[in-house]
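Count residues from 1 along the sequence. Indexing begins at 1, ligand by ligand and atom by atom, following the structure's order.
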Amino acid sequence: MINFDSIKHVRGESQFVDDYIPYEKILYGYVFYSPIAHGLIKKLDYSEALQIPGVKYVFTYKDIPGENQVGGIIQDEELFAEHKVEFVGHPIALVVAEDFLTAKKAAKKIKVEFEELEPVFDPRVAYEKGSLIMPPRVFSLGDVNEAWSKCDYIIEGRVDSGAQEHLYLETQGSIAYPIENDSIKIYSSTQNPTHTQRIAARVLGLPMNKIEVDVLRLGGGFGGKEDQATHWAVMAALAAKKLKTAVKIILPRQEDMRLTGKRHPYSSDFKIGLDKNGKILAYEVTFYQNAGASADLSPAILERTLFHTTNTYYIPNVKATAISCKTNLLSNTAFRGFGGPQAMFVIESALFKASKVTGIDYHELQKINLLKEGDEFPYGQRAKNCRAQICYNTLEKIYNLPEVKKQINQYNQTSRFFKKAYSIMPICFGISFTSTFLNQASALVHVYTDGSVGISTAAVEMGQGVNQKLIEIASKVLSISKSRIKIETTNTTRVANTSPTAASKAADLNGFAVMEACEIIMGRLKKFAAQLLNVKEDNVQLIDESVYVNNQKTELRWNELIQKAYLSRISLSAQAHHATPDVYFDREKSKGEPFAYHVYGTALIEVTVDCLRGTYKIDSVKVVHDLGESLHEIIDLGQIEGGIVQGIGWMTMEEILFNEKGKLITDALSTYKVPDIFFAPEKIEVHFLENAPNPFGPFKSKAVGEPPFMYGIGAYFAILKAMLEFNPNMELNFKAPMTNERVLMSLYSKIREKVHQTIN
Ligand code: MTE
Ligand code: HPA
Ligand code: MOS
């Protein structure tokens with residue numbers, strides 16, 4: 001069960017957008033962008049750029065035949081800034097030249113004069129000033145105001161989490177060229193081909209049937225190409241149409257980091273109330289989301305934050321307010337977990353602080369409040385097939401928690417500067433697009449006359465292995481060898497009106513669509529075989545490429561059956577559309593059943609902190625994870641391992657910094673660190689929860705893409721616990737990422753104060 005892409009990847013044979021040479025003459029685009037965070041464009045002069053030999057054209061908003069508008073949920077984002085720039089990196093023009101370096105050189109000659117305006121970077125300040133993407137949203141359950149009086153403990157605090165760079169290996173890019181009938185074909189590295197098509201049509205002033213978007217695969221997306229692949233694709237299309245040849249735009253790494261949005265940083269206030277036994281009675285929280293300069297997917301991400309307010313706990317009284325704040329930073333966007341991790345970091349911080357005040361162990365508090373079957377989430381849905389407790393209990397048992405604690409205690413007693421600690425992180429993640437209409441997908445399946453099969457769906461392969469999963473599904477339903485099946489590119493002319501490959505739903509949605517399309521073809525083949533063999537259709541089976549009658553193998557094989565069916569004019573193609581049944585959400589009331597199901601799991605994370613240097617090591621991550629019945633265990637394991645490491649990166653070493661003028665200063669791999677093989681946990685052990693079929697997934701599977709990311713949150717608290725072992729009087733504040741620097745500063749804050757006092 002290997003992933004059929006692996007061999008090509010290792011040999012360097014896999015193609016990415018930058019490898020395509022689909023046209024004789026290719027021009028190259030370079031994006032000219034704002035150097036300031038906020039200001040009015042007073043004068044733009046690109047005449048000198050045009051003089052440079054090899055430069056073909058400089059595009060600005062004036063060259064747009066349709067609308068200068070790329071906003072999805074809210075139409076608040078211009079493709080090229082017209083009169084106002086709102087962040088450093090805001091595209092103003094596109095220089096197109098015969099080669100990339102010429103285009104880049106020419107862009108340096110563009111002169112622009114601004115009238116600078118005061119920028120806002122802090123979401124709380126933006127909120128004070130009334131700078132919002134949309135009105136605040138509130139989710140509530142029970143009545144917090146009534147509940148406070150019943151609490152024995154009430155604890156308040158503030159939590160901050162940082163941005164995160166997607167750092168997909170393949171940077172953003174696209175190549176577009178004109179085709180017949182005034183149409184444009186776009187190859188794009190996008191998770192969202194239909195969105196790219198729709199926006200290109202809007203900007204170019206063309207109907208959607210004149211834009212074809214094709215995606216072979218992505219070198220990673222992680223949410224960063226759900227909405228923000230569009231800009232470059234649309235710019236390339238615009239230029240291709242005007243210049244009547246192919247135009248390629250590939251963002252160099254540094255520009256990719258400077259021009260595209262990240263995970264949303266959040267600043268949050270919580271108030272949590274517990275009774276004397278540690279039961280949470282009330283939780284009130286306000287999330288300030290730093291959306292950046294435009295809406296992009298922020299409203300949907302904000303909503304998912306609200307959905308995951310209580311993580312995997314039952315809290316009878318909840319009031320959660322979420323505010324999307326408009327600031328003069330890059331427009332932040334989807335990133336694995338889609339706002340969920342930000343909420344889950346806050347509730348874990350609240351529990352952690354509560355443990356210090358109540359004296360009840362943090363993990364005891366987790367267990368006391370763990371979700372049970374039938375418990376109501378703040379959005380009205382009730383936990384069904386709830387596996388929160390079983391995952392937690394299985395973890396404690398199979399990884400022998402008492403022994404882990406004992407070993408850590410022993411170590412800490414004898415070690416002065418190195419301290420060890422563990423933390424447990426239970427998760428519960430809702431599976432479905434929270435915008436109900438997106439929960440649909442289609443598949444188009446062709447069986448060719450030689451018995452080989454081609455499948456097109458809406459799913460985009462981006463390393464998560466969805467194509468291999470679709471092959472598994474088709475091979476099961478058609479009962480043929482996997483080697484006969486090929487997954488075609490994702491193309492808007494073959495499968496239209498698609499949802500993005502996102503929300504961990506691609507294998508679920510497209511898997512069901514493939515299943516249904518294959519079943520249609522199988523139905524026809526069975527009927528035809530029955531006629532051919534002169535038996536009743538009910539007695540015919542197709543198993544392992546052979547026709548069986550009454551469980552007896554006949555001479556008729558797949559190849560021959562297909563040949564004969566074709567000659568008898570039986571259709572060997574089918575299209576199927578799948579929509580997740582029964583999901584809905586009433587945005588007015590903020591209640592409904594938005595999720596088809598939830599993914600549960602629990603992780604145990606062990607760390608060692610060097611309290612002299614502030615450095616740390618992730619010793620191990622051990623997980624019990626609920627996959628339902630896995631469609632492909634190796635791929636799922638890869639998703640879990642990758643998610644964990646990416647989540648730990650977000651919580652620990654990955655720090656996005658801007659200078660006081662809003663310029664990104666962590667815009668290269670020398671200044672932005674992600675986990676590498678040396679930092680990755682020494683040991684990752686994953687136990688798939690057994691006997692846990694999921695009635696709502698294809699072949700009883702569960703989605704896997706995003707949930708494991710949130711295990712990484714446990715690393716933060718493990719490090720914090722180790723720090724408290726060293727300095728129990730350390731001031732507690734919840735600010736991520738917990739970089740080495742922050743570890744050191746926190747451990748010695750009192751000493752620093754003293755030193756300052758002495759000096760002064
Ligand atoms: N895994 C790899 N290798 N590359 C990616 O870009 N994206 C993640 C996750 N795993 C990603 C990945 C995100 S953000 C999502 S939503 C899911 O994959 C999407 O794919 P799926 O729906 O097929 O799980
Ligand atoms: N998850 C990921 N992407 C999305 C969602 C979601 O819930 N809704 C819209 N785009
Ligand atoms: Mo994933 S953030 O839903 O692309």
- Can you sort out which atoms of ligand 3 are near Gly223, meaning under 4.0 Å from one of its heavy atoms? 2 (S), 4 (O)

- Of the backbone atoms (N, CA, C, O) and the side-chain heavy atoms from C-beta on, which set of Ala503 has a member under 4.0 Å from an atom of ligand 1: side chain, backbone, both, or neither? backbone

- Item | CD1 on Ile713 to CE on Met425, rounded to 0.5 Å | 4.0 Å

- Message: Please state which option from His166, Lys505, Met462, Gln464 has its nearest heavy atom closest to atom 13 (C) of ligand 1.
- Response: Met462

- Message: With nothing but distance in play, are any N or O atoms of Ser435 less than 3.5 Å from an N or O of ligand 2?
- Response: no

- Could you verify whether a donor N or O on one side chain and an acceptor N or O on the other, from His625 and Tyr600, lie under 3.5 Å apart? no

- Message: Which of the numbered atoms in ligand 2 are under 4.0 angstrom from any heavy atom belonging to Leu438?
- Response: 9 (C)

- Protein heavy-atom partner closest to atom 9 (C) of ligand 1 - residue, atom, separation in Å: Gln639 OE1, 3.5 Å

- Query: So which heavy atom in the protein is nearest atom 5 (C) of ligand 2, and how far is it from that ligand atom?
  - Reply: Phe338 CE2, 3.3 Å

- Please verify whether a non-hydrogen atom of Ser504 lies at under 4.0 Å from ligand 1. yes

- Message: Would Lys225 and Tyr168 count as a cation-pi pair here, with the cationic atom under 6.0 angstrom from the ring centre and within 45° of the axis?
- Response: yes

- Note on the structure: Closest to atom 7 (O) of ligand 2 among protein heavy atoms sits Arg304 NH2, 3.2 Å

- Task: Measure from the ring center of Phe595 to the ring center of Phe307 and say whether it is less than 6.0 Å.
- Result: yes

- At their closest point, which heavy atom of Ser189 faces which heavy atom of Leu218, and how far apart are they? OG-CG, 3.4 Å

- Item | ligand 3 to Ala503 polar contact by distance, N or O atoms, under 3.5 Å | yes

- Message: For atom 3 (N) of ligand 1, which of the options Gly463, Gly221, Ala703 provides the nearest non-hydrogen atom?
- Response: Gly463

- Please state whether Lys225 comes within less than 4.0 angstrom of ligand 3, counting heavy atoms only. no

- Closest approach of any protein heavy atom to atom 5 (C) of ligand 1, naming residue and atom: Phe222 CE2, 3.2 Å

- Interfacing atoms of ligand 1 (cut-off 4.0 Å, heavy-atom, Ala506): 21 (P), 22 (O), 23 (O)

- Quick one: which of Glu226, His195, Lys505 has a heavy atom closest to atom 10 (N) of ligand 2? Glu226

- Message: Please find the pair of heavy atoms, one from Thr321 and one from Pro136, that lie closest to each other, and give the distance.
- Response: CG2-CB, 4.3 Å

- Which residue owns the protein heavy atom closest to atom 4 (O) of ligand 3, what's the atom, and how far is it? Gln191 NE2, 2.9 Å

- Looking at Gly220, which atoms of ligand 1 are within less than 4.0 Å of one of its heavy atoms? 6 (O)

- Atoms in ligand 1 flagged as close to Ala502, the criterion being non-hydrogen separation under 4.0 Å: 16 (S)

- Message: Between Asn510 and Ala458 (side chain of the first, backbone of the second, donor and acceptor by atom type, cut-off under 3.5 Å), is there such a pair?
- Response: yes

- Message: Would Arg336 count as a polar contact of ligand 3, with the cut-off being nitrogen or oxygen pairs under 3.5 Å?
- Response: no

- When you measure from atom 8 (C) of ligand 1 to every protein heavy atom, which one gives the shortest distance, and what is it? Arg336 NE, 4.0 Å

- Is it the case that Arg382 places NZ or CZ above or below the six-membered ring of Phe377, under 6.0 angstrom from the centre and within 45 degrees of the axis? no

- Message: Keeping Lys248 on the side-chain end and Asp18 on the backbone end, is there a donor-acceptor pair under 3.5 Å?
- Response: yes

- Heavy-atom donor-acceptor pair, Thr489 side chain to Asn491 backbone, under 3.5 Å: no

- Message: Taking NZ in Lys683 as the centre, count heavy atoms belonging to other residues, nucleotides or ligands within less than 6.0 Å. Is the count above 12?
- Response: no

- Query: For atom 1 (Mo) of ligand 3, which protein heavy atom lies nearest, and how many Å away is it?
  - Reply: Glu706 OE2, 3.7 Å

- Close-contact set for ligand 3 against Ala502 heavy atoms, below 4.0 Å: 3 (O), 4 (O)

- Any chance CG of Asp676 has more than 12 other-residue heavy atoms, nucleotides or ligands included, within less than 6.0 Å? yes

- Query: Would the number of heavy atoms belonging to other residues, nucleotides or ligands and lying under 6.0 Å from NZ of Lys700 be above 12?
  - Reply: no

- Message: In terms of relative ring orientation, are Phe429 and His308 parallel, tilted or perpendicular, with 30° and 60° separating the classes?
- Response: parallel

- Proximal ligand 3 atoms for Phe335, defined as those under 4.0 Å from one of its heavy atoms: 2 (S)

- Per-atom contacts, ligand 1 versus Glu706 - under 4.0 Å to a heavy atom: 16 (S)

- Number the atoms of ligand 2 from 1 as they appear, then name those within less than 4.0 Å of a heavy atom of Ala502, with their elements. 2 (C), 3 (N)

- Message: Is it the case that over 12 heavy atoms from other parts of the model lie below 6.0 angstrom from the CD1 atom of Ile7?
- Response: no

